[in-house]
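We name chains A, B, ... by the order of the sequence lines, and we start the count at 1 in each one.
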Amino acid sequence: MNAPMPLVKKLRVATTSLAGCFGCHMSLLDIDERILKLLDLVEFDRSPLTDIKHCGPCDLGFIEGGLCNAENVHVLREFRTHCKIIVAVGACAINGGLPAQRNHLDLRDILEEVYQTEHLLGRAGIPNDPELPLPLNKVHPIHEVVKVDYFLPGCPPSADAIWKLLTDLLAGRTPSLGHGLLHYD
Amino acid sequence: MSLTFQLDGEDIAFTPGQSIMQAARAAGVYIPHLCWHPDFPAHGSCKLCTVKVNGRFGSSCTMEAQAGMNVENRTAELDDKRRTMLQMFFVEGNHFCPSCEKSGNCALQATAYELKMMSPHFDMFYPDRPVDASHPDVLLDFNRCIMCSLCVTASREVDGKNVFAMGGRGILGRRIHINSESGRLADTDFALTDRAASICPVGVILPKRRGFDVPIGKRTYDKSPISEQVKEKAP
Ligand code: SF4
Ligand code: SF4
Ligand code: FES
C-alpha cells in the first residue's frame, strides 16, 4: 500500500500594487512555467491574480508600488497587520520610483495643470468625488510607514530575482541576490 | 627588501608616499570609495574608504601606507558602516536609477550593489535640485550629485577653467555652483572635450543626445562587480 502523501501546508501569499504600474506583477508572471511549481508551494490570498478584496492571515505579503494616496496607506497597513513577512518589491515600493518624481512639484499645481489649464489634457476640473482617495502631498516609499522585512529592488526586478527571493524564503533562507540579480533599474 | 603592510591578512607592497588606497589599487584589491580617483589628489570627503588601521578608523585614500600596518578593509563591521553611508547618499539626493542615463555605469550604484544595499533604509529627503540644461552639449542633473568635488578639481587642474565650485552648507544647502554671472553652464567656456565633462562618477554631468546608447547587459558594471574590475585592471 502506498504511504499517504505528507500534507505540506502551503504558504499563503498576498500581493498588491499600490502606486505602481503592475510591472512587478508582470515580472512575477515572467517566471513562466515555474509558476506551476510555485502553485504547488503557495496559495494566493488578496491579489490582482485572485480578486479577493481583503487580506486574511498570510505568511507573505508582496507590495509593489509606493504610497501616493490615502488608500495606498490603508492597504499597506492591512497587509502589515495580516502578513508575517512583508517584501517591498520594485523601485517604487523602495524609494517612491517614477511617481515620486512629482515630489518637487506642488500638488495643486499638478492637479490644475492636468485637469484645468493644459488644453490637450482636458478641462473637466479637478475630480472631487468622495469615493476617490485623497492624494498625498508627496509620494513615499513603504518603509517610511510600516516595517518592511525584505527588499527586492529593480524596475522591475527580473523574474529570476523574484524566483530567487521566493525560493529562498520558501526554503527558510535569508534571501540573497548575487551579481546580475541585484539591480536598481 | 620591499615595504609591505597587511590588508585583510594579505601582504600589500607599497612605495613610500603611496596612500593605502593607491597601494591596494595597484595590488588589485578593492577598497570601496567614491570621491577618490586615481588621476587626482585625494579629496577625503566621502569617507566610504574608511578602513581600520591598527584598530583605529582612518580614510584609506588620505592615509599614507606605513610598513607593518595592520589594515582591516572588507570586514562586516566596516561594510555595514559603508552601507549606511551609501543609504545616506541615496536619500540625500534624488536617485531614480531606472530613469538615469548613468545607470549601469555609475560608481555609486555599483558600490551599492557591491555592498548589497537593498533599500535606502532612512526616510527620503526628496530635495529640490533644479537641472541646468542650458549648455548645448552637456546636461547637469544635480539631483544625483554626491559632492565628491572631482569636477571642481578636474576643471581647475586639468582644463584650467574653474567652471565648478562647491559652496553652501547642510544637506539641502551644499551644492555645486557654476562660475558664471548667470550661474548657468551655457555662460561658461565649458566644453564636452573638457576632462571635467567625463569625470563625474554619478549621473550629474551628462553628454546630451547619447542617453541609454549602451543596452542593459553591456554596460560597465553589468559585466562584473566593481571589486572584480579593480582586480582585473591591476598591473
Ligand atoms: S547617479 Fe547612479 S545611483 Fe544615482 S540615479 Fe543615476 S545610476 Fe542611480
Ligand atoms: S557633479 Fe559629479 S563630479 Fe561634481 S561634485 Fe557632483 S558628483 Fe562629483
Ligand atoms: S574615497 Fe576616501 S574619503 Fe572618499
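- For B:Lys81, the NZ atom counts as loosely surrounded, since its 6.0 Å shell holds 12 or fewer non-hydrogen atoms of other residues, nucleotides or ligands.
- For residues 204-217 of chain B, heavy-atom neighbours of chain A at less than 4.5 Å comprise no residues at all.
- B:Ser103 OG to A:Asp185 CG: the interatomic distance, rounded to the nearest 0.5 Å, is 3.5 Å.
- Between A:Tyr184 and B:Met117, some side-chain heavy-atom pair lies under the 4.5 Å cut-off.
- With respect to chain B, the highest number of heavy-atom pairs below 4.5 Å among A:Gly97, A:Ala88, A:Cys155, A:Gly178 belongs to A:Gly97.
- Of all heavy-atom pairs between A:Glu144 and B:Met124, the closest is OE2-N, 2.7 Å.
- Heavy atoms from other residues, nucleotides or ligands lying under 6.0 Å from NZ of B:Lys116 number more than 12.
- Looking at heavy atoms from C-beta onward, A:His143 lies out of side-chain contact with B:His121 at the 4.5 angstrom threshold.
- Using a 4.5 Å cut-off between heavy atoms, B:Phe122 contacts chain A through its backbone alone, with no side-chain atom that close.
- The 12-atom threshold is exceeded at CD of B:Glu232, counting heavy atoms of other residues, nucleotides or ligands nearer than 6.0 Å.
- If you run side-chain contact (heavy atoms from CB on, under 4.5 Å) between B:Met118 and each of A:Pro153, A:Pro175, A:Ser176, only A:Pro153 comes through.
- Considering only heavy atoms from C-beta on, A:Leu98 stays 4.5 Å or farther from B:Pro98 through its side chain.
- Two residues are said to be in side-chain contact when any heavy atoms from C-beta on lie closer than 4.5 Å; A:His183 and B:Tyr113 meet this criterion.
- At most 12 heavy atoms of other shown residues, nucleotides or ligands fall within 6.0 angstrom of atom CZ in A:Arg108.
- If you measure heavy-atom distances from B:Ser119 to chain A, the contacts under 4.5 Å come from both the backbone and the side chain.
- Within the 4.5 Å cutoff, the side chain of B:Asp123 has no heavy atoms near those of the A:His140 side chain.
- Among residues 219-229 of chain B, the residues having any heavy atom closer than 4.5 Å to a heavy atom of chain A are, in sequence order, B:Arg219, B:Tyr221, B:Asp222, B:Lys223, B:Ser224, B:Pro225.
- To the nearest 0.5 angstrom, B:Asn94 atom CG is 8.5 Å from A:His104 atom NE2.
- No other option in B:Pro127, B:Ala112, B:Pro130 has as many heavy-atom pairs under 4.5 Å with chain A as B:Ala112.
- Interface remark: of the candidates A:Val139, A:Leu152, A:Leu105, A:Val139 forms the most heavy-atom pairs closer than 4.5 Å to chain B.
- With contacts defined as side-chain heavy-atom distances shorter than 4.5 Å, the pair A:Asn95/B:Phe96 qualifies.
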